[in-house]
Amino acid sequence: MVVKVNNLVKRYKELVALDHMNLEVEEGEIFGLLGPNGSGKTTAINCILALLEYDKGSIEVFGKEMNPNTYESKKQIGVVMQNVAVFEELTVYENIDYFCGLYIYDKEERRQCVKDAIAFVGLEDYVKFLPKKLSGGLLRRLNIACGIAHKPKLIILDEPTVAVDPQSRNSILEGIQKLNKNGATIIYTSHYMEEVEQICTRIAIIDKGKNLALGTKEELKSMIKTAETIQLEILDFPEALLPGVRELPHVFKASYDGKKLTLHCSKGKHNLIRVLDYMKANEVSVGRVYTELPTLNDVFLEITGKELRD
Amino acid sequence: MPVYKTFLKIINHNKMTIIMYLGIFLGINMIISSLTGGTRAEVFSTAKISVAVIDRDQSDISQTIKKYMGQTQYLKDIPDDKDALQDALFFRDVEYVLIIPEGFGESLMKEGTIQLDNINVPNSYSGIYVNMQLEQFLTTLKAYMVSGQDAETALQSSLETTALESKVTLLTEDGSLSNMQKYTYYFQFIPYIMTSVMIQIIGTIMLAFNKEDVRRRMLCSSTSLKSRNLQLALGCITLSILVWSLTMLISVVMYGSTLLNSGVFPYLLLNSFVFTVVGVSLGFCISSLAKNQIQLSGLATTVSLTFCFLGGVFVSMTYMAKSMLSIAKFTPAYWYVLSNDMLGHLTKLSGDNAVKFFQNIGMQFAFAIAFFGLALAITKKKSNRIA
């Protein structure tokens, strides 16, 4: 077990930021913390990193209780903060060298690590640049390089793709997967479900400081009733036909917004064929048809009653 | 030592700003010290004003009085005309007009009566002083005449007597000589340079380290807070040695052998170095409070000016009220200036003076430790779990 969070409670006066949160991160996995803004992701990370005092519970990292003075554990942790944390006065190389130097004191070893980190994030052409000369995406890459240069066993990334263009975002996500393949355990927080779904092996969905669900993406999706969502573009759908649609096998929810008929189906075969047959039988003209498997947003929606981005 | 090295790199990055600060403050100090040096009363000389003597008597006696006035004041010729006299006084060509009436000499010879007229600028102190001087002369004259001398001899004797000058030696309150050395004025302003410059420079560097995101990121690292603070302190010491060395080098260039052979040069060095340490610790402390460059500049100006005004850097302690001096004791500049003033009057430090000097050094050290301790406490509190 790399990280074990047990019954964690953190309060900001009246506000309960973390409400008896439990997490267990296994070695070698990419563990995702998914939740909307203000759900408690960063608070949880700050508690794990001993940056924040908590009211109740315990946190163990690499089997040792985490506190501000557990430098042995800290040595094996790499952190990429939500905001870019670099010195404006230092060049790209100097920044990475500085943060790496906080962990590795041997000059030669550090030089190699810095070189590797620069190559890893693809900043070879910018080593002598000051941060203010870098674009947002390059700055994010520098931030990551500063966090991973010392080759940590555990890397905590707190929303590293916020305000990053799609190209840089893909590059960052690929990099994280590469780090994981190289042996690092990753804790990744985000409110972008697509990212979490793309790279994380296990996901914890949190909201209002509570751990709502935990598992692989398949496990999470199987927890909810929706197994398939079918959408049909129909102009002037007769409202009278709606009860009939709801009575079709496996359909447990149906709604029409004037342009689109949306059907939520539980697990079962031939759902789409049965729906289309029904439309044909009732002489309803159908435009485009979409069918999709449940997403983490559906999971979040079904558990909390609101969308992830609300 | 990554923190120390980064500290030096940030100094290097800000070198133009640092050179600018140092240049401005040292330049101001050089100008002020060269202008201030020697303005304190070191030599006594009698003051003279412009006077006119209207001699309506034209006797030997009146001529002698005119001669006396010429010895003691600047004598100007003005016609014996009411308008001309009024104009001369109005335009301050003269400040005092002595009128010797007709028959004055004869009256003096026969009756010993001394009656003179004068016109002077209204409410003029100088007029009063000339009156007193003249009265002294006439009293002397009268004394000689009463003693039996004839008028002519008495006049001559009075002239000789009043021409005698006393040797004046200026003493300070504690009785030592007032021959303050010129270089003392250069060293006098060092507290202002060290507090202003150190707060600005160290503050600018520390702002980079204290930036919220960077600070949080460093707290996550395996380098302890103690180690980081020690490395930062080492960086501050390196910077202080550089600034102090430059300041001392300029003093040697400006005052050369006068300073080097003064006999107290090592003590001036020690005193200024200890105050530099105070400046560094103060800079370290202030920078842990400031959140941005604007706050830092405000604090630097307020703290350095307050300390230096209260501590007697700009205004001599001689002119400060006792209550003010009691408050001044709570500033490090006060103890620095005490030593500096003392060294300015000495050619050798020994006995009680040495004890006083090292007591003052001790007080400055105490301030340095207090500021540094306060800075560490603030840093510790800030790092003690960020919200």
Side-chain angles (χ1 to χ4, degrees), chain A residues 10-13 17 42-43 45-54 66-91 93-105 107 110 130-131 143 146-147 149-150 152 154-156 158, chain B residues 1-19 200-232 234-235 239 287 291-293 296 376 379-387:
Chain A
K10 169 68 191 170
R11 289 191 189 91
Y12 293 109
K13 293 181 183 172
T42 302
T43 304
I45 294 298
N46 283 340
C47 287
I48 292 171
L49 291 168
L51 289 174
L52 207 56
E53 273 181 344
Y54 43 87
M66 195 64 181
N67 67 58
N69 299 320
T70 46
Y71 296 113
E72 271 310 303
S73 298
K74 283 185 175 181
K75 205 168 190 173
Q76 300 177 69
I77 303 173
V79 184
V80 179
M81 295 286 192
Q82 192 170 348
N83 297 325
V84 177
V86 292
F87 287 94
E88 294 296 327
E89 298 82 358
L90 303 184
T91 63
Y93 185 93
E94 287 169 339
N95 262 302
I96 301 170
D97 185 54
Y98 171 74
F99 286 105
C100 187
L102 294 173
Y103 301 86
I104 297 170
Y105 306 126
K107 209 173 174 180
R110 191 168 72 242
L130 288 172
N143 200 32
C146 291
H150 61 288
L154 169 65
I155 302 170
I156 298 175
D158 189 11
Chain B
M1 293 201 290
V3 180
Y4 175 69
K5 282 181 186 168
T6 300
F7 190 97
L8 298 185
K9 280 177 190 168
I10 296 175
I11 290 179
N12 187 45
H13 181 84
N14 291 303
K15 61 178 177 284
M16 287 315 292
T17 315
I18 294 171
I19 290 168
Q200 282 288 0
I201 298 175
I202 290 176
T204 304
I205 297 165
M206 292 304 292
L207 276 180
F209 280 97
N210 288 338
K211 208 163 72 177
E212 186 66 10
D213 295 324
V214 172
R215 203 161 54 85
R216 287 161 65 91
R217 176 67 190 80
M218 288 195 292
L219 284 170
C220 298
S221 77
S222 57
T223 300
S224 68
L225 183 68
K226 190 180 164 188
S227 168
R228 282 204 306 277
N229 278 338
L230 282 174
Q231 289 182 59
L232 287 174
L234 192 63
L239 177 73
S287 62
K291 286 178 182 169
N292 52 49
Q293 198 67 44
L296 183 74
L376 287 181
T379 315
K380 175 92 178 161
K381 194 170 187 298
K382 275 188 176 177
S383 65
N384 219 358
R385 311 300 181 89
I386 301 154

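Everything numeric here is computed off the predicted structure, so don't read it as measured data. Note on naming: letters A, B, ... go to the chains in the order of the sequence lines (proteins, then strands), and numbering restarts at 1 for each one.
Judged by distance alone, with hydrogens and angles left aside, the side-chain atoms of B:Ser222 form a donor-acceptor pair with the main-chain N or O of A:Leu102 at under 3.5 Å.
Residues A:Phe99 and B:Ser221 fail the side-chain proximity criterion, which asks for heavy atoms closer than 4.5 Å. Within the 4.5 Å cutoff, side-chain heavy atoms of A:Asn46 are placed close to those of B:Arg216.
Contacts between A:Leu130 and chain B at a heavy-atom distance below 4.5 Å involve the side chain alone, from C-beta outward. Heavy atoms of A:Tyr98 lying under 4.5 Å from chain B belong to its backbone as well as its side chain.
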Listing, residues 73-82 of chain A side-chain donor-acceptor contacts under 3.5 Å, not counting sequence neighbours, or none:
residue : atom : partner  : partner atom : Å
A:Lys74 : NZ   : A:Pro68  : O            : 2.8
A:Lys74 : NZ   : B:Leu219 : O            : 2.8
A:Gln76 : OE1  : A:Lys153 : NZ           : 3.3
A:Gln82 : OE1  : A:Thr42  : OG1          : 3.4

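Here the closest heavy-atom approach between residue B:Pro2 and residue A:Gly101 is recorded as CG-O, 3.3 Å. A:Leu51 and B:Cys220 get closest at one heavy-atom pair: CD1-SG, 3.7 Å. The shortest non-hydrogen separation linking A:Cys146 to B:Arg217 is O-NH2, 3.2 Å. Across all non-hydrogen atoms, the minimal contact from B:Lys211 to A:Val86 is NZ-O, 3.1 Å.
Around CD of B:Gln293, the count of heavy atoms belonging to other residues, nucleotides or ligands within 6.0 Å exceeds 12.
The side-chain contact (heavy atoms from CB on, under 4.5 Å) test applied to A:Asn69 returns A:Asn67, A:Tyr71, not counting sequence neighbours.
The candidate from B:Met1, B:Lys5, B:Met218 with the greatest count of non-hydrogen atom pairs under 4.5 Å with chain A is B:Met218.
Remark: A:Glu89 CD to B:Leu207 CG distance equals 9.0 Å, nearest 0.5 Å.
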